[in-house]
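One structure is given below, encoded as structure tokens.
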Amino acid sequence: MPQIQAAADLVRSRFGSIDYDLAVILGSGFDAASSGEVLGELPFGDLPGVPAAPVPGHSGRLLCLRVRDRRVLAFAGRFHCYQGLSARQAAFPVRLAKALAVDRLLITSAVGGISREMTPGTFVLLRDHLNLLGDNPLAGEVPPRFVDLSRLYRQDVFDCLAAVAGPAGINLQRGVLAALPGPSYETPAEIEMLRRLGADVVSMSMVPEAIMAAACGLQVVGLALVTNLAAGLTAASLDHREVLAAGASASGPFGQLFEALLENWCSF
Ligand code: GMP
């Protein structure tokens, strides 16, 4: 905790004492900086207590953005269990956002599509998740431990997203995420298992951050981008470079959804 406070102090000294409307954690290939003006920037490596170096596709910078009249704290990069981190370490950005008094968190990620409607390019508002990481960010944490996750992901933003998605021709769905530790992709048999368990999409992230956010009392929206069909659903091999490319090519639509979310969710 003292390190989180030290990290928050550093952010305040670099960015000023800002009242953020929203924090966003950007997954592989996601870019929010192009939606607004960058008011401040610092490498993750400067933050006390930062758990690890970023992985390719994650620039590893903390940004202070102005998007219209909103202030956004953007984590351009995240921490994953497949880097050898605990779920608690992976949730570092959420604890930092909490220490900076943020109360809304948008979590984004590239995901593989499992259900038929989850084709590449589709955006998915998370309805719920299956935590198959074998870890929980609240393990070893001081109480609260027994946190209620029955309504973890906000659903009331769907209409404002759909109002933008429809006219812009953006495919927007709702779905359940399965989080696996990775870093290998799944086998076709594992994808068939996940489908039978009720998962619509699969990734290696989001869940530690979402659970920590619930424990910290933050409102959470989960928005995933399907970058590939999951293993066994296509003849093509899975490749992280394609995941990054699919993320980058969806930056226009993501920007539109992001602005709609900022406009509406932050006025609720
Ligand atoms: O390309 C790997 C990165 O994108 C990881 O950070 C995953 O969270 C995400 N990802 C994209 N597609 C898939 C997939 O098919 N399966 C899993 N487990 N993660 C994926």
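Everything quoted here is computed from the prediction, not taken from an experiment. Atoms considered below: every heavy atom in the structure, side chains included; atoms not considered: hydrogens, waters and symmetry mates. In listed order, ligands and their atoms are each counted from 1.
A salt bridge between R14 and D46 is present, with a side-chain N of the basic residue lying under 4.0 Å from a carboxylate O of the acidic one.
Closest non-hydrogen pair, A74 versus L26, comes out as CB-CD1, 4.4 Å. What you find for L105 and A213 is that their closest heavy atoms are CD2-CB, 3.8 Å.
Within the structure, ligand 1 lacks M206 among the residues with a heavy atom less than 4.0 angstrom away.
Distances below 4.0 Å separate heavy atoms of H240 from the following atoms of ligand 1: 1 (O), 2 (C), 3 (C). Here is the list of ligand 1 atoms found below 4.0 Å of a heavy atom in T227: 11 (C), 12 (N).
Within the 4.0 Å heavy-atom criterion, the part of V243 lying near ligand 1 is the side chain and not the backbone. For L180, no heavy-atom contact with ligand 1 is shorter than 4.0 Å.
Side-chain contact check for N136 versus I211: some heavy-atom pair is nearer than 4.5 Å.
The aromatic ring centroids of H240 and Y185 lie 6.0 Å or more from each other.
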